[in-house]
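In what follows, a structure is listed as structure tokens, so that the remarks can point back to it.
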Amino acid sequence: MGNRTIDNVVLQLYPPEQWTKTGRASLEEGAHTIKHAMTAGYEVRLMASSPVSKHPSWTTDHPDPAPIRDALGIRYYMLAEYEVRVLIRATEQCKCGTYLWFVKS
């Protein structure tokens with residue numbers, strides 16, 4: 001990402017405890033990767049179909065609980081940089097997967 005060759009990517013983030021079990025990435029690295037994508041010009045969208053989007057730790061902390069619907073009917077929440085930590089915390093608390101859609105803006 002960031003080299004203008006990929007316009008759309010959907011990633012599934014497993015619950016944070018799975019990240020450390022695999023040894024591939026830590027919680028901090030996951031947050032850093034999301035922020036790096038934002039800096040590289042990607043909009044980061046939380047798919048409304050993600051289990052975490054219905055968990056109270058997300059709906060309580062998220063300032064606008066209504067998802068956006070695009071022209072194809074795909075529902076998502078646009079993430080601001082400050083919401084990355086909220087998302088990580090919500091994923092950790094619900095112990096569920098999270099689907100993120102990175103879109104080159």
Side-chain angles (χ1 to χ4, degrees):
M1 293 190 317
N3 62 4
R4 301 188 191 274
T5 60
I6 300 173
D7 292 332
N8 289 274
V9 175
V10 175
L11 296 175
Q12 179 182 10
L13 300 179
Y14 291 97
E17 66 273 5
Q18 295 295 323
W19 298 357
T20 55
K21 285 181 186 177
T22 64
R24 293 186 197 141
S26 69
L27 194 60
E28 284 299 314
E29 289 170 319
H32 176 75
T33 299
I34 294 168
K35 289 181 180 181
H36 178 71
M38 291 175 160
T39 302
Y42 285 86
E43 294 177 350
V44 180
R45 301 172 178 184
L46 170 64
M47 304 296 291
S49 59
S50 293
V52 73
S53 72
K54 295 160 189 63
H55 194 270
S57 61
W58 173 258
T59 57
T60 300
D61 290 339
H62 196 270
D64 183 8
I68 298 166
R69 183 181 301 264
D70 77 357
L72 298 175
I74 299 170
R75 297 175 331 134
Y76 63 90
Y77 301 94
M78 185 74 69
L79 293 181
E81 190 171 335
Y82 74 90
E83 293 174 301
V84 172
R85 290 279 174 216
V86 174
L87 176 68
I88 297 294
R89 186 174 62 247
T91 302
E92 189 173 39
Q93 289 176 0
C94 82
K95 298 187 184 328
C96 57
T98 299
Y99 300 94
L100 296 177
W101 178 16
F102 294 83
V103 179
K104 188 69 172 177
S105 48

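Using modelled atom types, one side-chain atom of S53 and one backbone atom of A48 make a donor-acceptor pair closer than 3.5 Å.
Taking the side chain as every heavy atom from C-beta outward, V44 and L87 never approach each other to under 4.5 Å. V10 is not listed as a side-chain neighbour of L100, based on a closest heavy-atom distance of 4.5 Å or more.
Of all heavy-atom pairs spanning A31 and R85, the tightest one is CB-NH1, 3.8 Å. Scanning both residues, K35 and E81, for their nearest heavy atoms gives CD-OE2, 3.8 Å. Closest non-hydrogen pair, V52 versus T91, comes out as CG2-N, 3.5 Å. Heavy-atom minimum distance, R45 versus M78: NE-CE, 3.9 Å. When all heavy atoms of W101 and V103 are compared, the pair lying nearest together is NE1-CG2, 3.2 Å. Here the closest heavy-atom approach between residue Y42 and residue K104 is recorded as CD2-N, 3.5 Å.
Interatomic distance, CE of M47 versus CG of L11, reported as 11.5 Å (0.5 Å rounding).
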**Worked verdict on L79 versus M38 for side chain to side chain contact (heavy atoms under 4.5 Å, CB included)** = CA-CA 9 Å; L79 293 181; M38 291 175 160; 4.0 Å; yes
